[in-house]
2 protein chains.
Amino acid sequence: MDSIVHILKQNNLSVTEGRRRILSLFLSSNGALAHADIEKNTGSHFDRVTVYRTLQSFVDKGIIHTIPTSDNSIKYALCKDECGEGHHHDHHVHLVCSRCGNTFCLDDVVTPAVKLPHEYIVQQVEVVVKGICRSCNHK
Amino acid sequence: MDSIVHILKQNNLSVTEGRRRILSLFLSSNGALAHADIEKNTGSHFDRVTVYRTLQSFVDKGIIHTIPTSDNSIKYALCKDECGEGHHHDHHVHLVCSRCGNTFCLDDVVTPAVKLPHEYIVQQVEVVVKGICRSCNHK
DNA sequence: AAATATTTGCAACGATGTTTCTTTTTTTTA
DNA sequence: TAAAAAAAAGAAACATCGTTGCAAATATTT
């Protein structure tokens, strides 16, 4: 069976044109995608609302995760296998390339532990690095 | 001279009612402020556009800095003295309290160094911690 | 293949942020 | 300190982003 269909079924999502196209985009893209990228690149046109709802359901199911960026726009990227409905485990660093503007998950770079004064409780650490990505650096 | 007026003059900003009120808000608040907080709490009413422009000019001058949050809203907080026009040096960790929702600069907690594979170049590291703030933790 | 459940598209809405232009306020200078 | 020049504020219009309610279309179940 088509791996895209497989992923959708596995997550109890009905298989629709929009979901297949959007998931396919994520599978074939190496960086993170913003809502606008998705709306433009799905081939056929889907309503903005549909895109929002699809992204939301993918996040809920643990198929993709959100990446906060300093310019106030949310990006989305595929999760690794450990994520599932109601629990994400994306403890890696994100890189925003200041040359090409793309955002990447650095899956092998684990977020460093942050030690706060004892009056605080740490629940989750989010690290976004601004820098130059691999492919821009080799040009 | 009034310290608020002093700061404005020092940064080559003309001294206006709006700027004084907004700067005063920052000086008297211990957490970070969102645009909406500012619009509501300046006492007299200022146009939204004025608030946006004031915040922008404060950021440009190095008086305040922005804090990215995962819910896609920008918060602003006072810079320490080393910042100036065109150069910010706010290398501290930010905490978003999941109980009270406020955002704080942890000025004493320096952002940890992040080591990336050698194909990458690191320019800037942004760390946002989700957790419980001091005052919520003591209740 | 029909019945049911789910998803889509559309319209409308609210919040956020920007731009242009005119009026008002602040600063300069004379 | 009054007039001239510069800067900022306010108003209106517009663009983008994200959400909600509802009717039509599409998937899934039986």
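Chain identifiers are assigned alphabetically (A, B, ...) following the order of the sequence lines, protein sequences preceding nucleic acid strands; residue numbering begins at 1 within each chain.
Distance OH (A:Tyr52) to P (C:dT8): 16 Å, rounded to an integer number of Å. In this entry the distance linking CD of A:Glu39 with C1' of D:dT16 reads 11 Å, nearest Å. Atom CG of B:Leu55 and atom P of C:dG17 are 10 Å apart (whole Å). Whole-Å rounding puts the A:Asn12 CG to D:dA27 C1' distance at 14 Å. We find that CZ of A:Arg21 is positioned 16 Å from C1' of C:dT7, with the value rounded to whole Å. Between the P atom of D:dG18 and the NZ atom of A:Lys75 lies a distance of 12 Å, rounded to the nearest Å. In this structure, B:Arg20 places its CZ atom 14 Å from C1' of D:dA8, rounding to the nearest Å. If you take CD of B:Gln56 and C1' of D:dA8, they are 15 Å apart, rounded to a whole angstrom.
Between the axis at the start and the axis at the end of the helix from C:dA1-D:dT30 to C:dA30-D:dT1 there is an angle of 30°, using five pairs per end and rounding to 10 degrees.
Other residues, nucleotides and ligands place more than 12 heavy atoms under 6.0 Å from the NE2 atom of A:His87. Around atom NE2 of A:His138, more than 12 heavy atoms belonging to other residues, nucleotides or ligands sit under 6.0 Å away.
Here B:His35 and B:Tyr52 bring their ring centres to under 6.0 angstrom of each other. Ring centroid separation for the pair B:His65 and B:Tyr76 does not come in under the 6.0 Å cut-off.
Between A:Phe46 and A:Arg21, the closest side-chain pair of non-hydrogen atoms falls below 4.5 Å. The shortest distance between side-chain heavy atoms of B:Val125 and B:Val122 falls below 4.5 Å.
With respect to A:Asp90 and A:Lys80, no salt bridge is recorded, no charged nitrogen being found less than 4.0 Å from a carboxylate O.
Projected onto DNA chain C by closest heavy-atom contact, A:His45 and B:Ala36 fall at different nucleotides, the more 5' of which corresponds to A:His45.
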Could you encode protein contacts along nucleotides 19-30 of chain C as a string, one character per nucleotide from 5' to 3', using B for base contact, S for sugar-phosphate-only contact and - for no contact, with a heavy-atom cut-off of under 4.0 Å?
BB-----SS---
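Judged purely by distance below 3.5 Å, without hydrogens or angles, the side chains of A:His92 and A:His94 pair a donor atom with an acceptor atom.
For A:Arg48, no side-chain nitrogen or oxygen approaches OP1 or OP2 of D:dG18 to under 4.0 Å.
The side chain of A:Asp47 has C:dG9 as its nearest neighbour among C:dT8, C:dG9, D:dA8.
A pairwise comparison of heavy atoms in A:Arg99 and A:Cys136 identifies NH1-O, 3.3 Å as the closest pair.
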